[in-house]
Amino acid sequence: MGEEPVLRTRIGGRTVDLPGTLDGIRASLPREQRAAFDREVGSAPLLDVPLIAARWGLPQEARDEDDALADQLRTGDFTGFTAPEDGRAGSGG
């Protein structure tokens with residue numbers, strides 16, 4: 001067989017390859033997190049598995065980046081975001 005599938009994304013301005021299978025995600029986790037991953041994936045409705053896999057597959061740096069963006073939006077600062085309904089960039093508040 002060929003190489004393991006990967007997902008490619010950008011984190012902190014650089015391109016990063018992430019595991020592209022559930023087994024790959026599980027193997028990339030610290031040993032103490034694997035049981036929680038198994039429980040969550042094993043008990044999830046199939047439609048939720050892609051979202052769960054995406055969350056678990058991201059390294060902590062990416063989750064921190066996402067949390068910072070969510071915090072920015074919660075404060076009402078839309079700098080750097082585009083409104084989908086009109087396509088204009090946010091003005092920063």
Side-chain angles (χ1 to χ4, degrees):
M1 285 188 66
E3 293 181 23
E4 285 288 320
V6 296
L7 301 174
R8 191 160 282 144
T9 190
R10 295 198 48 87
I11 300 170
R14 64 185 198 287
T15 301
V16 177
D17 287 343
L18 303 174
T21 65
L22 292 176
D23 284 343
I25 292 168
R26 186 181 191 285
S28 74
L29 295 171
R31 189 170 302 280
E32 62 272 6
Q33 293 181 0
R34 292 176 184 169
F37 172 76
D38 291 342
R39 279 191 304 275
E40 188 169 352
V41 169
S43 65
L46 288 176
L47 290 176
D48 293 346
V49 171
L51 295 173
I52 293 167
R55 184 167 39 82
W56 280 93
L58 288 173
Q60 188 62 49
E61 178 184 2
R63 291 192 298 269
D64 292 344
E65 196 175 280
D66 289 347
D67 290 345
L69 290 172
D71 289 344
Q72 176 185 336
L73 291 172
R74 275 190 215 96
T75 66
D77 179 359
F78 300 103
T79 304
F81 291 91
T82 302
E85 63 276 0
D86 62 14
R88 292 179 293 164
S91 63

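By the side-chain hydrogen bond (donor to acceptor under 3.5 Å, both in side chains) test, D48 pairs with no residue at all, sequence neighbours left out. Taking R39 as the reference, nothing meets the side-chain hydrogen bond (donor to acceptor under 3.5 Å, both in side chains) condition, with sequence neighbours excluded. With sequence neighbours excluded, no residue satisfies salt bridge (charged side-chain N to carboxylate O under 4.0 Å, His left out) with D67. Under the rule for a side-chain hydrogen bond (donor to acceptor under 3.5 Å, both in side chains), the partners of T15 that lie at least two apart in sequence or sit in another chain are R10. Take R8 and apply the salt bridge (charged side-chain N to carboxylate O under 4.0 Å, His left out) test, not counting sequence neighbours, and it matches D17. Not counting sequence neighbours, D66 has no partner by the side-chain hydrogen bond (donor to acceptor under 3.5 Å, both in side chains) test. Judged as a salt bridge (charged side-chain N to carboxylate O under 4.0 Å, His left out), and not counting sequence neighbours, E65 has no contacts. For P50, there are no side-chain contact (heavy atoms from CB on, under 4.5 Å) partners two or more places apart in sequence or in a different chain. When the salt bridge (charged side-chain N to carboxylate O under 4.0 Å, His left out) test is applied to R55, the partners found at least two apart in sequence or on another chain are E40.
Applying the side chain to side chain donor-acceptor pair (under 3.5 Å) definition to pairs two or more places apart or across chains, those involving residues 18-28 are R26-D38. For residues 9-58, the ring-ring contact (aromatic ring centres under 6.0 Å, His included) pairs, not counting sequence neighbours, are F37-W56.
In the hydrophobic clustering, where aliphatic and aromatic side chains (Ile, Leu, Val, Met, Phe, Trp, Tyr) are joined below 4.5 Å either directly or transitively, V16 groups with L7, I11, L18, L58.
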